[in-house]
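Have a look at the structure below, then the notes.
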Protein chains: 2
Amino acid sequence: MPTLTEVARHAGVTPATVSNVLRNRGRVGETTRQRVLEAVEALGYRPHLAARALAEGRAPTLALMVSSIANPFYPEFALAVERAARTSGHFVIICNTNEDPHTGRAYLDQIAGTLSEGVLVTNANLDFADLHTTEARGTPVVLCMWERPHEPPGLPCVAVDFRLAGELAATHLLELGHRRIGAIVGSKASGIHAARYEGFVSALRAADAPKNRVKHALDTIQGGYDATRALLEADPKITAIFATNDLPALGAMHAAADLGLNVPGDLSVIGITDIQLARESRPALTTVAVPTVEVAGLAVSLLRELIESSYGQAGKTAGQETACVPMRISSPPELVVRASTGVPRSR
Amino acid sequence: MPTLTEVARHAGVTPATVSNVLRNRGRVGETTRQRVLEAVEALGYRPHLAARALAEGRAPTLALMVSSIANPFYPEFALAVERAARTSGHFVIICNTNEDPHTGRAYLDQIAGTLSEGVLVTNANLDFADLHTTEARGTPVVLCMWERPHEPPGLPCVAVDFRLAGELAATHLLELGHRRIGAIVGSKASGIHAARYEGFVSALRAADAPKNRVKHALDTIQGGYDATRALLEADPKITAIFATNDLPALGAMHAAADLGLNVPGDLSVIGITDIQLARESRPALTTVAVPTVEVAGLAVSLLRELIESSYGQAGKTAGQETACVPMRISSPPELVVRASTGVPRSR
DNA sequence: ATGAAAGCGCTAACAA
DNA sequence: TTGTTAGCGCTTTCAT
């Protein structure tokens, strides 16, 4: 691999000039510029990104923390992030924490600030303390899917109004005429899906609908499957299932199929997110869509800004502490009516 | 961020010693070692990976070229690669070429050899010429899913016997009693799925089964959907569909549902790969499983070996050209019988 | 067992 | 407009 210096020698100029030509910095004469470009071409020169990173004090990569492969949402999101990142010349390093905060910290320790100049976090399965540490060391961090626009997490984030998502789902079911609705919350009671369920419940209350049954479950198809069977066993008259995520909703449809229930005739099912699978299931899943691509874009651009300003304020003493933590809010979730919901018919 | 030098000063030693302690190189006295470790701890030192990469002349990352988000197989594979890579301390940079060879080359030009010391390729949608160029510049390349163990591609690779996969699928269908089988080939005639179809056809021929109908289609659910409708229109008596990939197979099931056909009663469906979705569809998809995780592991370890030996032979003159191109063969694909195939019943 | 010094490939003041 | 001179943070001979 030829180096900058070799190119310079080949073109009869100094390394600095070549550097300037390559990055359109500083004034360079047209003739030398040509000579340099030819030399680059002739030698097949490619800049050494690690060297550049060291010299510039910044690396052209972003780290993306994902929790696992289990939920197909993450890969989908990862690709959206990759595209957004490329527009600013960033590469994305995928950091699979495997649901393990320890692994997450190991990643942060290793690459934050050295191989990558910013961190994107797709779920809260990391110690916030670790994230704060990373931030304090000078590497900006952005949370990608904060669920409560009105309760900032204390870290820069992109928020999605998941409470509204829950409301929209409930309203849709109510408008169809459902009164007995079972809810599947894809996490512990106080977990990341709480806002969705709150929105759901509040819409029910606003409509004077009877109290619904709830079941907490793993955020997986299987989790939704089991929860649905439990729910229907507890109350066979349930006509609709609301799940706080698409995966459990899909599981609910599977359960219905195994119980010989027609969807949506006997049982309506609605989820939240609108992952690819939702479009591709049979019947296609009605869901409340979260603007995934937009979120990825917002997260990357926010991170970019933070990165820039972090270099800007280098050297300044503290006092920035009090500056408010930035938050971007995505456009609101939207109901996508497909084939899994309909008017209830008695059975 | 504290540097090595600061740690050294803090511990009252030289940078070289700290470096030695940190990497267990060279002999270091037990007492100094302790002192250094304490300093590292006290300062919260983290090695700067870009700096290390420059000094060592190698970066601790691998590039993974994927073609797009459309096929959920790639993200699945990406996570498997990430896990395998981590065992050797490598980070994975995800390079989404978006089916565009031009983007692919841009990635190769930028990061191969500078930010990453090896390249993993998951599909052939890149110019082989570009890959050879990358290799020639000194960065090893490994193809992850070569489909013909008996026809080496001229590049290091992990091969999967996809011909056998096609045979297994056909045999399964034949054993169930199917004679009129429609095939969906998820690419152009000469494309990457050709081997699968060849295997399928040869098994049919070996069993003296009648010639089957074929339809080429996009390697997507929609592609399989359309192809199935076309196939059934051309010959309504078809009792089974073989698709060269799971996604089109899933599309076939959707088509059956829309046509009021029961799967597997009226129509059996079988795919190849065994992606997560195959397990999670209703009915669950019978498919020929490809050992994805194993392939990822083999690919990473082969790449690792190539990387090591490329540093080893640094300085040697040419002549290695004649050395054979290494190929790893995964364990054979295996039939996974689920609910989408069964004995044909006349209709 | 530890230190001194050179350099990886590039960028960034500052000179000329 | 171009060249000079220092590093960036780390590794690595080679001395001591």
Side-chain angles (χ1 to χ4, degrees), chain A residues 1-37 39-40 43-60 89 110-115 117 137-139 311 314-315, chain B residues 1-37 39-40 43-60 110-115 117 137-138 311 314-315:
Chain A
M1 297 276 280
T3 71
L4 222 203
T5 312
E6 286 167 15
V7 173
R9 190 160 40 225
H10 194 93
V13 296
T14 64
T17 303
V18 177
S19 176
N20 283 332
V21 168
L22 259 30
R23 311 182 311 120
N24 298 312
R25 292 281 255 290
R27 275 142 298 277
V28 188
E30 189 48 40
T31 65
T32 24
R33 142 175 257 93
Q34 283 308 329
R35 216 141 26 91
V36 168
L37 257 21
V40 165
L43 269 47
Y45 167 79
R46 300 284 175 270
H48 195 295
L49 263 38
R52 181 177 281 180
L54 181 57
E56 287 185 328
R58 57 185 301 178
Q110 287 197 76
I111 72 177
T114 67
L115 254 196
E117 57 176 349
R137 286 203 189 109
T139 306
Y311 291 124
Chain B
M1 296 278 282
T3 72
L4 221 202
T5 311
E6 286 166 15
V7 173
R9 192 160 39 225
H10 194 93
V13 297
T14 64
T17 302
V18 177
S19 177
N20 282 333
V21 169
L22 258 30
R23 346 209 349 279
N24 297 312
R25 292 283 252 289
R27 274 141 298 278
V28 188
E30 189 49 39
T31 65
T32 25
R33 141 175 257 91
Q34 282 310 327
R35 217 144 24 94
V36 168
L37 259 20
V40 165
L43 269 47
Y45 167 79
R46 301 283 175 273
H48 193 295
L49 263 39
R52 181 176 280 180
L54 180 57
E56 287 185 329
R58 59 186 298 178
Q110 287 197 76
I111 72 176
T114 67
L115 252 195
E117 58 176 349
R137 287 202 189 110
Y311 291 123

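Below, chains carry the letters A, B, ... as their sequence lines are ordered, and counting in each starts from 1. Side chains are part of it too, since the values below use all heavy atoms of this structure and drop only hydrogens, waters and symmetry mates.
- Scanning both residues, A/L22 and A/Y45, for their nearest heavy atoms gives CD2-CE2, 3.5 Å.
- Taking all atoms of both residues into account, the shortest heavy-atom contact from A/L49 to B/T114 is N-CB, 3.2 Å.
- For the pair A/R137 (side chain) and B/M1 (backbone), a donor-acceptor distance under 3.5 Å is absent.
- Shown here for B/V36 and B/A11, the closest heavy-atom pair between the two residues is CA-CB, 4.0 Å.
- Nucleotides of DNA chain D with any atom under 4.0 Å from a heavy atom of chain A span, from 5' to 3', D/dT1 to D/dG9.
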Nucleotide-resolved protein contact map, nucleotides 8-16 of chain C, B/S/- at heavy-atom distance under 4.0 Å: BBBBB----
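- The two atoms that bring B/R33 and B/N24 nearest to each other are NH2-OD1, 2.9 Å, heavy atoms only.
- Nearest heavy atom pair, residue B/A59 against residue B/L115, reads CB-O, 3.1 Å.
- Listed here is the closest heavy atom pair of B/A50 and A/A53: CB-CB, 4.1 Å.
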side-chain contact (heavy atoms from CB on, under 4.5 Å) between A/R23 and A/R52, worked out: CA-CA 12 Å; A/R23 311 182 311 120; A/R52 181 177 281 180; 3.9 Å; yes
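- Within 4.0 Å of A/T17, counting heavy atoms only, lie sugar-phosphate atoms of the nucleic acid but no base atom.
- Residue A/T114 is classed as having no contact, given no heavy-atom separation below 4.0 Å to the nucleic acid.
- Residue-level contact check: A/G57 touches neither bases nor backbone, having no heavy atom under 4.0 Å from any strand.
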